[in-house]
Amino acid sequence: MHGQPSGDGPAAPAQSGAYLQPEVWWGSYGTTIAAVNGISSLGLILGALIAADPLRRLPMAHLLTGVMAAAAVVGVNLVWLRIPALLFFPLLAMNYLLGKINPRFMTMLISTVAEDYLAATMGVVQTVMMIGAPLGQMVFLTLGNLVGIPITMSIYAGLTGLLALSIFSAGLLGMNAKDPTPEMGRKQKSG
C-alpha cells in the first residue's frame, strides 16, 4: 500500500479525480469521485455562507496560502501517503477557504473598478477563471500520460507548495498592506 505507485490507474477529468489510485478510494472509484465533488461543494458553500468566523479578518494572501498548502497536501497524499481520509480533509479546507475568497474578491473588484469598466473587467476575470480549470487539466493529464502519475503529482505538489510559500512571502512583504478585505470584515461585524 505504501510502495511505489504503478502510474497506470484510472483517469477521469474530475476535480482531483484524474490521479486517484485504488489505495485512496473510498469503496469504489465512482464513490470516491462523488465524495470528492460533494466535499468540495460543501466546503465552497460553507465558506461562503459562514461569514462570522475568525477567517473574515485574514488578508487574502493568507487565505490563498491556505488554499495552496491544502492542494499540496492532496498531491503529497496521492503519491506518498495514500491515506483516504487525508484526501478529503484538505479538500474541505481548501474549498472552505475558496468560499471565503470568492465573495471578497468580487467585492474588492466591484469597489475598486470604475463603473464604466466594471462589466468588461468582470467578463475578463470570469473568462480567466473559466479557462484555468481546463488548462490545468490539459497540462497535468498530458504530463500524467507522458511521464506517469507519480511524477506528475510530485510536480503538482511541489508547484503548489512553492506557490503557497510565494504567496505567504508576498503577504509578509507588503501585499497585505494593500488588501482592503480585512477591513471589510471588521465593517461587516460592526455595521
Side-chain angles (χ1 to χ4, degrees), residues 5-22 24-26 28-48 60-61 63-79 82 86-110 113 117-167 170:
S6 66
D8 59 357
Q15 179 183 357
S16 299
Y19 303 109
L20 288 175
Q21 299 294 316
V24 294
W25 290 0
W26 277 23
S28 69
Y29 181 73
T31 302
T32 305
I33 293 296
V36 164
N37 289 328
I39 287 172
S40 297
S41 296
L42 178 67
L44 282 170
I45 292 166
L46 289 176
M60 269 204 281
L63 297 174
L64 285 169
T65 298
V67 169
M68 292 295 108
V73 169
V74 170
V76 167
N77 184 48
L78 289 175
V79 175
R82 298 190 186 167
L86 194 54
L87 176 65
F88 297 107
F89 293 122
L91 283 173
L92 182 65
M94 178 174 68
N95 284 285
Y96 184 83
L97 293 173
L98 284 171
K100 294 284 178 206
I101 292 169
N102 288 339
R104 275 191 188 184
F105 178 74
M106 290 303 171
T107 301
M108 189 171 63
L109 196 65
I110 290 169
V113 174
Y117 301 103
L118 190 57
T121 304
M122 295 288 269
V124 169
V125 168
Q126 292 296 327
T127 300
V128 169
M129 289 169 54
M130 295 302 289
I131 289 172
L135 186 63
Q137 286 183 348
M138 182 183 74
V139 168
F140 285 102
L141 287 173
T142 301
L143 269 174
N145 286 321
L146 292 175
V147 298
I149 292 171
I151 293 170
T152 302
M153 288 311 297
S154 297
I155 292 169
Y156 171 80
L159 288 175
T160 53
L162 284 174
L163 190 56
L165 288 174
S166 299
I167 293 168

Distance, nearest 0.5 Å, that separates NZ of Lys100 from CG of Leu46: 9.0 Å
Can you give the donor-acceptor pairs under 3.5 Å from side chains of residues 158-166 to other protein atoms, not counting sequence neighbours?
| from | atom 1 | to | atom 2 | distance (Å) |
| --- | --- | --- | --- | --- |
| Thr160 | OG1 | Ala72 | N | 3.4 |
| Thr160 | OG1 | Tyr156 | O | 2.9 |
| Thr160 | OG1 | Ala157 | O | 3.1 |
| Ser166 | OG | Leu162 | O | 2.9 |

Worked verdict on Ile131 versus Val128 for side chain to side chain contact (heavy atoms under 4.5 Å, CB included): CA-CA 5 Å; Ile131 289 172; Val128 169; 5.9 Å; no
Worked check of side chain to side chain contact (heavy atoms under 4.5 Å, CB included) between Leu87 and Val36: CA-CA 8 Å; Leu87 176 65; Val36 164; 4.0 Å; yes
Heavy-atom closest pair, residues Met94 and Ala71: SD-CB, 3.7 Å
Exercise: identify the closest heavy-atom pair between Leu109 and Leu118: O-CD1, 4.1 Å
Nearest non-hydrogen partners of Pro103 and Gly99, listed with the distance: CD-O, 3.0 Å
Minimum side-chain heavy-atom gap Phe88-Thr32 below 4.5 Å: yes
Atom pair CG (Leu91) and CD1 (Ile39), whose distance is rounded to the nearest 0.5 Å: 7.5 Å
Distance in Å, Phe140 CZ paired with Leu135 CG, rounded so as to fall on 0.5 Å steps: 10.0 Å
Evaluation steps, side chain to side chain contact (heavy atoms under 4.5 Å, CB included), between Leu92 and Leu42: CA-CA 7 Å; Leu92 182 65; Leu42 178 67; 4.3 Å; yes
Shortest non-hydrogen contact from Gln126 toward Met106: NE2-CE, 3.1 Å
Atom pair OG1/CG of Thr152 and Leu141 - distance to nearest 0.5 Å: 9.0 Å
Under the side-chain hydrogen bond (donor to acceptor under 3.5 Å, both in side chains) test, residues paired with Thr31 that sit two or more places apart: Ser28
Asn77 side-chain N/O to Val73 backbone N/O, donor-acceptor pair under 3.5 Å: no
